[in-house]
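Just below is one structure, and these are the notes that go with it.
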Amino acid sequence: MRYLVLSLSFIISFNLFGQQTDVNYDESEIPDYKLPKLLITESGRKVKNVKRWEKKRRPELLEIFKHEIYGNIPEEIDISDVIVHEENGVFFDGLAKRKQVEIIFKKDDRELSAEILIYTPKDSVKAPVFVGYNFSGNHTISYDPNIRLTESWVPDNPSWGIVHNQVTEQSRGVATDKWPVKKMIEAGYGVATIYCGDIDPDRDNFQDGIHPFSYQLGQFRPGYDEWGSISAWAWGLSKAMDYFTTDQDIDSTKVMVFGFSRMGKAAVWAAALDQRFAMCISNNSGCMGAALSRRRIGETIGIITYHFPHWFCENLNKYSGHEDKLPIDQHMLLGMIAPRPLYVTSATADLWSDPKGEFLSTLEAGKVYELYDKRGLPVTEMPAPNTPVSETVGYHIRTGKHDITPYDWEQFINFANKQFYSQPEE
Ligand code: GTR
């Protein structure tokens with residue numbers, strides 16, 4: 001997908017089935033657009049204070065995002081059992097302890113389990129923790145042979161020995177460069193991760209994962225406004241949070257939800273839905289993550305719903321090629337994270353994710369932070385590459401491709417230090 005040929009005509013075309021077939025990467029070809037107003041209620045009233053934001057505007061927006069984009073999440077599914085498979089081992093030269101915790105969901109004869117791999121600094125009583133999904137199994141973030149292998153469906157990747165959708169020993173540690181766990185521990189932070197496919201395998205199949213738990217008799221897929229995979233992943237992060245509130249090694253008031261790419265989309269949605277997350281980090285989350293949809297540059301609603309229909313609720317299809325009809329845009333999703341710290345990243349070569357659109361929506365979201373007397377971004381123009389900027393909202397654009405790198409992690413740690421441990425803003 002990322003290698004789609006650039007259309008030089010920059011005229012967006014659609015095939016017979018109404019699907020977008022080429023991609024615009026030219027700023028000058030972006031149609032005029034007007035962002036829907038973050039601080040005006042659906043009935044046209046100005047939102048001038050936190051009270052009206054929290055009582056009226058925020059709930060209104062949340063409903064629209066649920067109904068039109070990601071799909072409603074059922075409320076009744078809770079953790080049935082917790083099994084701790086490993087506790088308090090010693091890692092990273094004695095700096096960290098580790099847990100592997102299985103959370104189990106049951107309904108009728110159905111059962112689903114997700115494993116949370118957690119590292120916390122050895123000496124901290126209750127550690128602040130970064131939590132986010134990995135793409136191919138917890139065992140991919142480290143070479144340690146004792147990390148349990150997932151039994152869930154995993155996308156095939158023969159070069160990692162993943163065939164017939166099951167992982168093998170060969171994929172141990174393949175994502176270590178994306179997970180600098182020791183660095184986080186040295187900085188005083190814990191990290192927790194779950195394989196996204198334990199909650200919902202990333203494929204267009206609604207018979208697996210958590211979705212069937214919410215079906216009525218005779219139902220085989222979510223209804224037009226019911227949860228797609230991104231909502232399921234966001235839900236899974238909240239269930240991990242339920243567990244964190246019971247874990248003595250974790251400071252559940254300082255849990256930072258983060259995600260890269262599609263998991264960045266899940267992270268921002270999770271942070272909007274669940275205000276227990278103290279901070280949110282979106283790394284290259286792009287279309288239907290941090291980027292503004294109305295810019296229609298790089299990946300668009302038409303493209304994303306064609307290739308990943310299962311990520312969203314069916315209602316989103318209405319806006320394929322009709323972005324202006326959307327009652328919301330992604331700056332509103334980021335605004336719902338206020339007043340909690342928010343950090344958004346882009347990468348210079350990641351035009352598919354629309355870096356400028358990610359920056360602009362982050363900038364716009366600052367308006368909600370101002371209601372809380374907090375500062376959004378301290379700049380109005382996109383900063384130069386590798387020049388992080390932050391107040392309660394932070395942003396950087398890194399040189400390089402669509403990725404999550406040690407540089408990105410360094411900035412997340414700096415940002416967390418600033419938010420949790422420096423003086424409050426004047
Ligand atoms: C792409 C998709 C993006 C992004 C990315 C990823 O193929 O078009 O929206 O989520 O995958 O998750 O790496």
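Counting convention: from 1, in listed order, for ligands and their atoms alike. Excluded from the calculations below are hydrogen atoms, water molecules and symmetry mates; all remaining heavy atoms, backbone and side chain alike, are included.
- At a heavy-atom cutoff of 4.0 Å, ligand 1 is contacted by no atom of F260, backbone or side chain.
- For the ligand labelled ligand 1, residue F308 lies inside the 4.0 Å heavy-atom shell.
- Judged purely by distance below 3.5 Å, without hydrogens or angles, the side chains of S113 and E102 pair a donor atom with an acceptor atom.
- Proximity of M288 to ligand 1 is not established, as no heavy-atom distance is less than 4.0 Å.
- Within the structure, ring pair (Phe, Tyr, Trp, His ring centres under 6.0 Å) contacts touching residues 272-296 (residues at least two apart or in different chains) do not occur.
- Heavy-atom contacts of I304 reach the following atoms of ligand 1: 9 (O) (cutoff under 4.0 Å).
- Residue contacts with ligand 1, taken as heavy atom pairs separated by less than 4.0 Å, involve R262 via backbone and side-chain atoms alike.
- For the pair H402 and ligand 1, a heavy-atom separation below 4.0 Å is found.
- With a 6.0 Å radius and a threshold of 12 heavy atoms from other residues, nucleotides or ligands, E75 has its CD atom at or below the threshold.
- Annotation: ring pair (Phe, Tyr, Trp, His ring centres under 6.0 Å) contacts involving residues 136-168, sequence neighbours excluded, are absent.
- The environment of NZ in K37 is sparse: at most 12 heavy-atom neighbours from other residues, nucleotides or ligands sit within 6.0 Å.
- Not a single N or O atom of W311, backbone or side chain, sits closer than 3.5 Å to an N or O atom of ligand 1.
- Heavy atoms from other residues, nucleotides or ligands lying under 6.0 Å from NZ of K367 number 12 at most.
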